[in-house]
Amino acid sequence: MTRVALVSGGTRGIGAAISIALQAAGYQVAANYAGNVERATAFHEKTGIPVFRWDVRDYDACVAGIAEVEAMLGPVEVLVNNAGITRDAMFHKTTPDMWNAVIATNLTGLFNMTHPVWPGMRERNFGRVISISSINGQRGQAGQVNYSAAKAGDLGFTKALAQEGAGRNITVNAICPGYIGTEMVMAIPPDVLAEKIIPQIPIGRLGTPEEIARCVVFLASDDSGFITGSTFSANGGQFFA
Ligand code: CAA
């Protein structure tokens, strides 16, 4: 039977690569997106992957959106929590709005997306929850106190929920990408990227979205059934957790 995979933030950046890789691996994929209709429509036209618009910060919207996905495709067996934003600033310049937006999307979004699919995974005795954290949740990053806090929270979420799911064959894992060549990283001032970030990456380059997507495909597969509560680092040697 074809498994259904839902990818939040699945129409752009790393999320788009994940959606495409899961589709290539034989999953029936649904890609959620928050607001960029033009990019989501282009993604759908290019890939044929159905796209669903809702905001992962809104629990009720997640419940309704997931119900819509399941009515169209069937129960979600693989959930990829990928949606994430940055609001970078040094801490003394970070406003409450910048803090709240990042925590709501990057941390509370995991609760909002996972909670509605969890009972079905428990009933069916199978599930895969894969969350995209970050190297900066593992080691912290100046200019990203909000993002680092949320992404570290994602790792705590993963380790605790993995213990709850293990008895029912539901695995819960996190991937910590390093600096990947997406719009999010390209938004870093070019001098900061060139002088402070790339020199810290022993492999000497940014990663690609496809390199993260391949980790997701493995963690979604039956082959990864003994791996749960883990953190996969894919960062070019920049940080060893
Ligand atoms: N460590 C310590 N201090 C630092 C620092 C660092 N890495 N970088 C800057 N500072 C200090 C500066 O020395 C300066 O100090 P003074 O005021 O005492 O002179 C102060 O911070 C301000 O520096 P800037 O002039 O650079 O400040 P700014 O307001 O123009 O920019 C910033 C600040 C927006 C945070 C910018 O430095 C930046 O974008 N940094 C990169 C943050 C980053 O790595 N983001 C990752 C985005 S990608 C992503 O998130 C994906 C993922 O998961 C990896």
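In listed order, ligands and their atoms are each counted from 1. When reading the values below, keep in mind they use all heavy atoms of this one structure, side chains included, and skip hydrogens, waters and symmetry mates.
For the residue pair Thr86/Gln144, the side-chain donor-acceptor check at 3.5 Å is not satisfied.
Cation-pi geometry between Arg205 and Tyr179 is not met at under 6.0 angstrom from the ring centre and within 45 degrees of the axis.
Between Glu68 and Arg53 there is no salt bridge, since no side-chain N of the basic residue sits under 4.0 Å from a carboxylate O of the acidic one. Under a 4.0 Å N-O distance rule, the pair Asp222/Arg3 qualifies as a salt bridge. Arg12 has a carboxylate O that lies under 4.0 Å from a charged side-chain N of Glu183, or vice versa, which qualifies the two as a salt bridge.
Going from atom NZ of Lys159 over to atom OG1 of Thr231 covers 5.0 Å, rounded to the nearest 0.5 Å.
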Show me the short polar-atom pairs for ligand 1: any N or O of it lying under 3.5 Å from a protein N or O, with distances only.
residue: ligand 1; atom: 29 (O); partner: Lys93; partner atom: NZ; Å: 3.2
residue: ligand 1; atom: 44 (O); partner: Tyr179; partner atom: OH; Å: 2.8
residue: ligand 1; atom: 45 (N); partner: Asp88; partner atom: OD2; Å: 2.8
residue: ligand 1; atom: 45 (N); partner: Gln144; partner atom: NE2; Å: 3.4
residue: ligand 1; atom: 50 (O); partner: Gln144; partner atom: NE2; Å: 2.8
residue: ligand 1; atom: 53 (O); partner: Ser134; partner atom: OG; Å: 2.6
residue: ligand 1; atom: 53 (O); partner: Tyr147; partner atom: OH; Å: 2.6

